[in-house]
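Notes follow the structure.
For clarity, every value in this text was computed on a predicted model and none was experimentally measured.
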Amino acid sequence: GKQFFGPETSPHLLTSEEVDRAYARIKSERSLHQAVTICTVYRRVFYVAKRYRHIEVNPFEKMGLETLPHRYQVWTPKQVSDLILGASDLGYPSLGLLISLSYELCQRLVDTRLLKWDQYNGSRIKLSQRKTERSVPKQLSLWVPPELRDTLDGMDRISPYMIVYEDTGL
């Protein structure tokens with residue numbers, strides 16, 4: 001917090017005015033998104049601190065944060081490919097696989113990150129959408145494009161899960 005509110009500022013003494021000035025400064029020096037995100041996180045931290053009586057006042061409470069505009073960006077196939085290759089180059093091929101599965105199957109990361117090998121039969125992947133499981137069939141059976149199929153078929157199955165964190169093997 002010292003980088004936003006100054007090195008001498010104690011959380012116990014932070015005022016709403018100082019918070020508002022910091023918000024305006026972060027917004028002008030960085031971006032609206034960062035200002036809102038930083039203040040939202042601090043609001044939560046101070047809420048917990050107040051709840052457990054470490055502080056008496058939450059200067060972020062009832063702060064009039066601006067509504068962020070929706071971000072909408074369509075990535076080109078080359079950008080997606082570069083991201084997948086970049087993950088591999090950095091030593092995280094599972095991250096590249098996760099991105100590839102989500103992109104090629106048009107599914108959210110939350111629905112592809114816990115895929116198991118037994119959900120793949122060589123041509124299709126069965127999965128349940130977690131966020132909307134009440135409004136879709138119990139399991140979707142998704143066709144796997146040939147390029148993704150080649151990737152999956154060429155992988156070592158070192159875990160029951162397709163996505164394995166390289167540093168731990170989990």
Side-chain angles (χ1 to χ4, degrees), residues 1-116 125 127-136 140 142 148 161-170:
K2 294 178 191 229
Q3 66 179 337
F4 303 120
F5 306 109
E8 304 302 319
T9 305
S10 166
H12 297 85
L13 304 175
L14 197 57
T15 67
S16 296
E17 292 79 15
E18 289 171 309
V19 167
D20 288 343
R21 282 193 298 275
Y23 173 74
R25 191 178 71 254
I26 296 165
K27 180 180 165 186
S28 73
E29 292 174 2
R30 295 181 179 200
S31 71
L32 173 62
H33 279 82
Q34 283 194 13
V36 169
T37 300
I38 289 166
C39 289
T40 300
V41 170
Y42 273 108
R43 178 185 285 168
R44 176 70 178 144
V45 168
F46 274 71
Y47 168 81
V48 172
K50 183 179 175 187
R51 182 170 178 244
Y52 288 100
R53 298 187 176 106
H54 296 292
I55 59 172
E56 291 182 25
V57 176
N58 180 351
F60 295 89
E61 198 171 50
K62 297 182 182 176
M63 187 178 181
L65 297 176
E66 296 169 62
T67 301
L68 294 173
H70 290 287
R71 291 185 176 187
Y72 184 77
Q73 179 179 358
V74 177
W75 286 35
T76 66
K78 180 172 180 352
Q79 287 173 314
V80 174
S81 177
D82 289 348
L83 182 61
I84 293 166
L85 293 172
S88 226
D89 291 345
L90 290 172
Y92 297 101
S94 282
L95 177 58
L97 178 60
L98 178 61
I99 295 164
S100 186
L101 284 164
S102 296
Y103 180 75
E104 294 294 340
L105 300 176
C106 299
Q107 299 298 312
R108 292 182 298 269
L109 292 170
V110 70
D111 293 327
T112 55
R113 71 183 175 89
L114 296 176
L115 281 173
K116 293 184 176 181
I125 287 180
L127 70 82
S128 297
Q129 293 178 323
R130 285 161 177 71
K131 186 175 180 183
T132 57
E133 64 186 42
R134 287 191 192 105
S135 63
V136 296
L140 299 175
L142 304 169
L148 179 56
Y161 294 94
M162 290 182 181
I163 308 301
V164 178
Y165 182 52
E166 284 78 9
D167 289 349
T168 63
L170 301 175

Which pair of non-hydrogen atoms, one from [X] and one from [Y], has the smallest distance, and what is that distance?
X: Val164; Y: Ser94; value: O-OG, 2.7 Å
X: Gly91; Y: Glu166; value: O-CG, 3.6 Å
X: Ala87; Y: Gly96; value: CB-N, 3.7 Å

Gln34 and Ser31: side-chain donor and acceptor closer than 3.5 Å?
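The answer is no; no qualifying pair exists.
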All side-chain contact (heavy atoms from CB on, under 4.5 Å) counterparts of Gln107, not counting sequence neighbours
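Result, side-chain contact (heavy atoms from CB on, under 4.5 Å) vs Gln107: Leu105, Asp111, Thr112, Leu127, Gln129, Leu140, Leu142.
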Could you state the interatomic distance from [atom1] ([X]) to [atom2] ([Y]), rounded to the nearest 0.5 Å?
X: Asp82; Y: Trp75; atom1: CG; atom2: CH2; result: 9.5 Å
X: Ser128; Y: Leu114; atom1: OG; atom2: CG; result: 11.5 Å
X: Leu68; Y: Leu32; atom1: CG; atom2: CG; result: 5.0 Å
X: Glu18; Y: Arg25; atom1: CD; atom2: CZ; result: 10.5 Å
X: Ser102; Y: Leu97; atom1: OG; atom2: CG; result: 9.0 Å
X: Lys27; Y: Ile38; atom1: NZ; atom2: CD1; result: 13.5 Å

Answer yes or no: is there a side-chain heavy-atom contact under 4.5 Å between [X] and [Y]?
X: Glu66; Y: Tyr23; answer: yes
X: His33; Y: Pro69; answer: yes
X: Met63; Y: Ser16; answer: no

Give a yes or no on whether the backbone of Pro77 and the side-chain of Ser81 come within a donor-acceptor separation of less than 3.5 Å.
no
Within a radius of less than 6.0 Å around OH of Tyr103, do more than 12 heavy atoms belonging to other residues, nucleotides or ligands occur?
yes
So, applying side-chain contact (heavy atoms from CB on, under 4.5 Å) with Ile163, which one of Leu115, Leu95, Leu101 is it?
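Exactly one candidate clears the test, Leu101.
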Intermediate values then yes/no, side-chain contact (heavy atoms from CB on, under 4.5 Å), Leu14 and Phe60:
CA-CA 10 Å; Leu14 197 57; Phe60 295 89; 4.1 Å; yes
